[in-house]
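The structure appears right after this line, and notes come after that.
Below, read A as the first sequence line, B as the second, and so on, with proteins coming before strands; counting in each chain starts at 1.
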Protein chains: 2
Amino acid sequence: MAKQKLKADVSTEEKIKQAARKLFTEKGFAAVKTRDIAEEAGINLALLNYYFRSKEKLFDIIMIENFDQFVQQLIPILGDESLSLDEILTQVTGSYIDMLTQNPDLPFFIMNEMRSDSTKLQFVKDKMANVRAAFIKRVEDTLLKKKISRTNMGHMMMNFMGLIIFPFVAQPIMMKVNKFNKNEFDALMEERKKLVPIWLKAIMTAQ
Amino acid sequence: MAKQKLKADVSTEEKIKQAARKLFTEKGFAAVKTRDIAEEAGINLALLNYYFRSKEKLFDIIMIENFDQFVQQLIPILGDESLSLDEILTQVTGSYIDMLTQNPDLPFFIMNEMRSDSTKLQFVKDKMANVRAAFIKRVEDTLLKKKISRTNMGHMMMNFMGLIIFPFVAQPIMMKVNKFNKNEFDALMEERKKLVPIWLKAIMTAQ
DNA sequence: AAATATTTTAATCAAATGATTAAATCTGTG
DNA sequence: CACAGATTTAATCATTTGATTAAAATATTT
């Protein structure tokens with residue numbers, strides 16, 4: 001006991017959070033039982049309530065962290081006035097594919113929770129609205145020059161997300177149907193870092 | 001009582017299935033309680049077990065029907081030798097967007113259940129494998145002529161699904177962030193019937 | 001070491017949930 | 001009508017599940 005207070009390698013509270021993050025992100029709120037979390041964390045069930053008060057409060061924490069991770073890295077890139085549209089496309093694509101390769105379940109989690117609506121997602125709406133505003137502010141001029149209308153902004157956001165995020169949502173299908181293993185899938189995603197910006201530009205200029 | 005045996009407008013069994021389809025498709029297996037289904041169907045809880053034996057058996061039925069609907073309509077189009085690649089793209093896109101506009105929760109359900117794996121999805125794997133084989137058989141020659149490699153088939157499938165299916169998976173986000181209502185969203189999807197084939201061709205021929 | 005605060009455990013509770021049962025009601029048939 | 005079979009209901013069971021409690025164990029401070 002030379003050290004001050006490093007009891008376990010990781011504090012119990014952190015172990016619970018890690019277990020909860022893993023399970024909630026994989027399976028969603030309803031499918032995860034508090035006992036699953038306790039077992040995954042290797043702790044007594046009562047500790048979950050001791051540290052986090054309730055399953056729902058614990059979930060809220062994980063949800064906020066996940067959403068933050070999902071949108072956070074967009075801000076600095078979109079906010080960098082020195083980047084051209086091409087550079088933005090390339091950077092956002094690369095940065096996102098890297099992050100999602102590390103957290104492949106994140107998009108599905110987000111979609112799942114947005115769908116279960118509930119009222120608690122107001123803060124998400126706000127956060128996404130910020131990103132969207134930044135995106136529009138940053139891209140709208142360029143788009144207007146290319147004669148792409150405002151309503152088509154919706155299409156562009158869908159295309160952007162569809163080409164980058166969808167593969168991770170569909171990863172289980174892709175792996176099963178195409179008999180990819182994780183490494184092969186990741187290699188495909190690595191290729192997409194270069195391809196998606198090219199494709200997006202091709203889409204934007206297609207008659 | 002002139003008629004033979006038409007008791008209710010819809011048989012109790014069918015009412016239960018409709019309620020189950022709605023709820024399971026919207027929220028997934030774990031989040032739906034048998035009492036929710038009973039209430040939605042306007043029937044006594046015991047009837048669910050009387051007709052379908054268990055929640056899981058009922059879910060299996062819904063799952064199979066949903067998967068069938070998801071892949072069914074592809075077969076006749078892909079199998080029609082008289083169609084050009086362009087025509088296939090156009091028809092599949094149109095047919096799919098129509099179907100998904102009627103059943104917007106279907107893609108999410110499929111992704112969700114593929115992810116929860118379980119072993120019971122072998123039949124799905126087989127079904128998807130058939131569609132994939134038909135797709136490859138139908139498209140591979142054309143792709144080879146365009147110097148698109150076999151590994152890029154994976155990208156093409158992702159792009160195809162990403163541009164068509166993803167918007168429906170992300171519909172809740174799109175509607176919240178962009179403040180679309182259902183009609184506006186559907187109008188966008190209607191536009192995509194023409195746009196997605198153009199975009200896909202642009203992608204395929206992009207340097 | 002004693003006192004105090006923090007962390008962990010085992011046992012238990014109350015509500016939710018999937019399922020069953022026995023009786024009641026309805027339906028068509030002889 | 002009365003009977004048999006199918007359908008529906010109300011009541012109840014057993015398990016799961018989220019949460020609590022009181023006590024034990026551990027760490028921290030004095």
| Under the 3.5 angstrom rule, does the side chain of B/Lys55 hit a backbone N or O of B/Val32 as a donor-acceptor pair? | yes
| message | Without decimals, in angstroms, what is the distance between B/Ile43 CD1 and C/dA19 P? | response | 13 Å
| field | Residue pair B/Gly154 / A/Met174: nearest heavy atoms and the distance that separates them | value | O-CE, 4.0 Å
| request: Nearest whole angstrom, please: distance from the C1' of C/dG18 to the CZ of B/Phe59. | output: 16 Å
Produce the list of close N/O pairs, under 3.5 Å, pairing protein atoms with atoms of nucleotides 15-19 of chain D; give distances to one decimal.
{"residue": "D/dG18", "atom": "OP1", "partner": "A/Lys55", "partner atom": "NZ", "Å": "3.0"}
{"residue": "D/dG18", "atom": "OP2", "partner": "A/Thr34", "partner atom": "N", "Å": "2.7"}
{"residue": "D/dG18", "atom": "OP2", "partner": "A/Thr34", "partner atom": "OG1", "Å": "2.8"}
{"residue": "D/dG18", "atom": "N7", "partner": "A/Arg35", "partner atom": "NH1", "Å": "2.8"}
{"residue": "D/dG18", "atom": "N7", "partner": "A/Arg35", "partner atom": "NH2", "Å": "3.4"}
{"residue": "D/dG18", "atom": "O6", "partner": "A/Arg35", "partner atom": "NH2", "Å": "3.1"}
{"residue": "D/dA19", "atom": "OP2", "partner": "A/Lys55", "partner atom": "N", "Å": "2.7"}

| query | B/Phe160 and A/Phe166: aromatic ring centres closer than 6.0 Å? | reply | no
| said: What is the separation between atom CZ on A/Phe52 and atom P on C/dT7, rounded to the nearest whole Å? | reply: 12 Å
| task | For B/Ile37 and C/dA19, give me the distance from atom CD1 to atom C1', rounded to whole Å. | result | 13 Å
| query | So, does A/Asn178 use its side chain to make a donor-acceptor pair with the main chain of A/Phe180 at under 3.5 Å? | reply | no
| message | Does D/dT9 have its OP1 or OP2 closer than 4.0 Å to a side-chain nitrogen or oxygen of B/Tyr50? | response | no
| Do we see a donor-acceptor contact under 3.5 Å between the side chains of A/Asn159 and B/Arg192? | yes
| What's the NZ-C1' distance between A/Lys15 and C/dT8, to the nearest Å? | 11 Å
| request: Consider the side chain of A/Tyr51, meaning its heavy atoms from C-beta on, and name the nucleotide among C/dT9, C/dT7, C/dT20 that approaches it most closely. | output: C/dT7
| field | Spacing between B/Asn44 atom CG and C/dT21 atom P, to the nearest angstrom | value | 16 Å
| said: In whole Å, I'd like the distance from the CG atom of B/Leu23 to the P atom of C/dG18. | reply: 12 Å
| Taking CD1 from A/Ile16 and C1' from C/dT8, how many angstroms apart are they, rounded to a whole number? | 10 Å
| message | Could you check whether A/Tyr96 and A/Phe70 have their ring centres less than 6.0 Å apart? | response | yes
